[in-house]
Structures are given as C-alpha cells and as structure tokens.
There are 2 protein chains.
Amino acid sequence: MSSGNAELPLCSSNVVHKEIVVRVREEMPREESLYDLAELFKVFGDTTRVKILYALFAAEMCVCDIAVLLNMSQSAISHQLRVLKQARLVKFRRQGKVVYYSLNDEHVKQIFDQGLTHINELI
Amino acid sequence: MSSGNAELPLCSSNVVHKEIVVRVREEMPREESLYDLAELFKVFGDTTRVKILYALFAAEMCVCDIAVLLNMSQSAISHQLRVLKQARLVKFRRQGKVVYYSLNDEHVKQIFDQGLTHINELI
DNA sequence: ATAATACATGAACATATATTCATATGAGCA
DNA sequence: TGCTCATATGAATATATGTTCATGTATTAT
C-alpha cells in the first residue's frame, strides 16, 4: 500500500493545492485535541464566566460574594460555576453552609492575559 | 465624596465578605475588556474555526483547500472565514478567482498552544 | 425534630449560532 | 457578450446555551 493521500473528497472546484493540503493534514494536531481545545475556549467564551474567573484571580470567593460582585442571581452564578467545575478550571471547599471557590489552574491567567494583549493591539 | 462601595445589591443571604468584594471589584479589568475577551474566546470556541486556524498556522490556503482539508462544504468554510475575518484573526489576498487566507495575528498560536498545554495536563 | 440558610439543580424559555441550500458577485476566458 | 469557476452571502433550520423560576439538598442553630 502506498501513500495515505488518495482520499481527497474534492471541492466542486479543481483548485486544490494537493501538496499543501496533504502537508497541512500531516501537521495538524489530532482531531480529538482540536475538539477539546474548542471546548476549552467555549468555556471562556462567555462574559459571566470570564468575570468569575477574573474575580477568582484576585481572591477565593463564596457563591454569594460572586453573585453580589457581578450583580447576578445566585442561581445563574451557580450554574456557571458548574460549567467551570466540569472544565476543571475551579476547585471548591465547603466550610459550613458556605462554599468557597478558587482557581484550579495556572494557565488560565496566562491565556487570558495573552487574549487581552491581542485585544489591546487591535486598537 | 467618600468611597464607591455603597452599592452592594445584597444576595438573598447575608454571607457577603464585603472587603473581599470591594477589593476584587477594584482589581477587575474594565467591563468592556472582559466583554471583548469573551468575544475573542467565543471565536475560538468552535471546532471548525480552530481547525481552520491550525491549518493556517501551517500554510496559506485558499477556501477550496480548506474545505477539502476539513471535508466540509465551501459555504460552511466561507461563513467561518467571515467570522475569523471580522475578528481580524485572518487576512486574505485575491489572485484571480482564488482567494488565499493566512493568519493575521501572532498571539493566536501562543494562546492555542497554552490551551493545548492545559488540556494535556488534565490527563 | 424543625426551621433557616447557602448552594445546587431540573425544566422551561429565549436567544445565539453553525450548517445547508439557493443564489449573488466577481474574475478570467471563449 | 456570454460562460465558467471560486467565493460570498442571505434565509431557513436545527441545535446549543444562558438565565429564570421553582424546588431539592446539605449544614447549622434553636
């Protein structure tokens, strides 16, 4: 068996730069990694969650603190914390009736700061 | 006029750590920055767009190349390229009937790689 | 045990968004 | 001009997602 580039499903057009497509295909990360990456950014792609994470950059906070800070309902915050929990971006500890949330990851702040840098350079 | 922390809208509960909320509020970036940041990540939060960007990391490509590479319709790719264009993440040049797209930003790869690092450390 | 509190969660609803389909635009060529 | 091709785009549809509302659960206090 020869190469693995026999299956170019063809666009309607014939302007396919085959060598480029084949080479890029080889250089691309695995499908699963790209999917996971998009899922991670999807979590970052909501204002409420971005705000929560920035808040937790500064301090550990309980659910009610965050709700007051962002002027949103406790339920809305709780739902979003759930998303952040599932993405393993935050951790929590229970102290009596109060649940305190904090960051679980070092990279997030770096990713965010680089995002802000990008935005600022667009001005 | 004194401080600007008179307006704590109060959660249903009374467990509000006022000093923390006030301090975090001061440390948070501007509302607009956080909104823009979420918008940027929203663009990254789609598998198709992530794939397109990774493809363009490797080479400049025309629309048809990308469609073949990702095994998707030309229209779908074109719509997503529009989103990436609006976010100023890609640029393009026209050569005859063919339009070639390439990256317009240095940060994106760094942000993506840090995202992948995060994902890999979760294993 | 009962009540109160801090948080979690399921269902419903409204909104956003990704793809498809049909068609428009714009460039090269006969 | 008329035709073909590469790409862009508007409308429609299906799906995903964020918030609210109502309620469940776990912990503390009486």
Side-chain angles (χ1 to χ4, degrees), chain A residues 9-17 20-21 34-35 38-53 60-87 90-102, chain B residues 9-17 20-21 34-35 38-53 60-87 90-102:
Chain A
L10 275 201
C11 203
S12 56
S13 89
N14 286 323
V15 180
V16 180
H17 305 79
I20 292 184
V21 172
L34 298 177
Y35 179 82
E39 289 301 304
L40 176 66
F41 287 131
K42 206 172 287 181
V43 175
F44 294 157
D46 174 80
T47 312
T48 300
R49 290 192 290 268
V50 166
K51 288 179 184 174
I52 292 175
L53 288 171
E60 177 189 68
M61 299 181 85
C62 72
V63 179
C64 183
D65 284 350
I66 301 173
V68 170
L69 174 70
L70 303 187
N71 197 23
M72 292 179 63
S73 74
Q74 173 267 318
S75 179
I77 298 300
S78 198
H79 277 294
Q80 297 304 343
L81 284 170
R82 187 167 188 266
V83 175
L84 294 172
K85 231 187 303 182
Q86 285 174 335
V90 300
K91 60 179 187 286
F92 62 96
R93 68 184 174 88
R94 181 160 213 135
Q95 184 171 310
K97 283 174 292 190
V98 184
V99 178
Y100 293 93
Y101 282 85
S102 58
Chain B
L10 275 200
C11 202
S12 57
S13 89
N14 286 324
V15 180
V16 181
H17 305 79
I20 292 183
V21 171
L34 298 177
Y35 179 82
E39 288 302 305
L40 176 66
F41 286 131
K42 206 172 285 182
V43 174
F44 295 156
D46 174 80
T47 312
T48 300
R49 291 191 290 268
V50 167
K51 287 178 184 173
I52 292 175
L53 288 171
E60 176 189 68
M61 299 182 85
C62 72
V63 179
C64 184
D65 284 350
I66 301 173
V68 170
L69 174 70
L70 304 186
N71 197 22
M72 293 178 63
S73 74
Q74 173 268 320
S75 180
I77 299 299
S78 198
H79 277 294
Q80 296 305 341
L81 283 171
R82 187 168 187 265
V83 175
L84 294 172
K85 231 186 302 182
Q86 286 174 335
V90 300
K91 60 179 187 288
F92 63 95
R93 68 184 174 88
R94 180 159 215 138
Q95 183 172 310
K97 283 175 290 190
V98 184
V99 178
Y100 292 92
Y101 282 84
S102 58

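Quick caveat, the model's predicted, so the values are computed rather than measured. Note on naming: letters A, B, ... go to the chains in the order of the sequence lines (proteins, then strands), and numbering restarts at 1 for each one.
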From CE of Met61(A) over to P of dA6(C), roughly how many Å is that when rounded to an integer? 15 Å
Mind calculating the distance between CG (Asn71(B)) and P (dT19(C)) to the nearest angstrom? 13 Å
Please report, rounded to the nearest Å, how far the P atom of dA8(C) is from the NZ atom of Lys97(A). 15 Å
Is any side-chain heavy atom of Met72(A) closer than 4.5 Å to a side-chain heavy atom of Lys51(A)? no
Which nucleotide in the list dA6(C), dT7(D), dA8(C) gets nearest to the side chain of Val63(B)? dT7(D)
Which value, rounded to the nearest 0.5 Å, describes the distance between Gln95(B) atom CD and Tyr100(B) atom OH? 5.0 Å
With 3.5 Å as the limit, what N/O pairs link the protein to nucleotides 12-21 of chain D?
unit_1, atom_1, unit_2, atom_2, d
dG18(D), OP1, Arg49(A), NH1, 3.1
dG18(D), OP1, Arg49(A), NH2, 2.7
dG18(D), OP2, Arg49(A), NH1, 3.2
dT19(D), OP1, Thr48(A), OG1, 2.8
dT19(D), OP2, Gln80(A), NE2, 2.7
dT20(D), OP2, Ser73(A), OG, 3.1
dT20(D), O4, His79(A), NE2, 3.2
dC21(D), N4, Ser75(A), OG, 2.7

Could you give the CG-to-P distance, from Leu70(B) to dT19(C), as a whole number of Å? 10 Å
Considering non-hydrogen atoms only, spot the tightest contact between Val16(B) and Cys64(A) and give its length. CG2-SG, 3.8 Å
If I take atom CD1 in residue Ile66(B) and atom P in nucleotide dT7(D), what distance separates them, rounded to the nearest angstrom? 9 Å
dA8(D) P sits how many Å from Leu81(B) CG, rounded? 7 Å
Base of dA8(C), side chain of Gln74(A) - is there a donor-acceptor contact under 3.5 Å? yes
So how far is it from Lys97(B) NZ to Cys62(B) SG, rounded to the nearest 0.5 Å? 12.5 Å
Looking only at dT7(D), dG10(C), dA27(C), the nucleotide nearest the Arg82(A) side chain is dG10(C)
Regarding the side chain of Tyr101(A), the nearest nucleotide among dT9(D), dT5(C), dA8(C) is dA8(C)
Here the distance between atom P of dT7(D) and atom CD1 of Ile52(B), to the nearest Å, is 13 Å
Can you measure Gln86(A) atom CD to dA8(C) atom P for me and round it to whole angstrom units? 12 Å
If you round to the nearest 0.5 Å, how far is OG1 of Thr48(B) from CD1 of Ile66(B)? 11.5 Å
Of Ser78(B) and Arg94(A), the one whose nearest nucleotide on DNA chain D sits closer to the 5' end is Ser78(B)
Can you check whether Ile52(B) reaches Met61(B) side chain to side chain, under 4.5 Å on heavy atoms? no
Are side-chain heavy atoms of Arg49(B) and Phe41(A) found at a separation under 4.5 Å? no
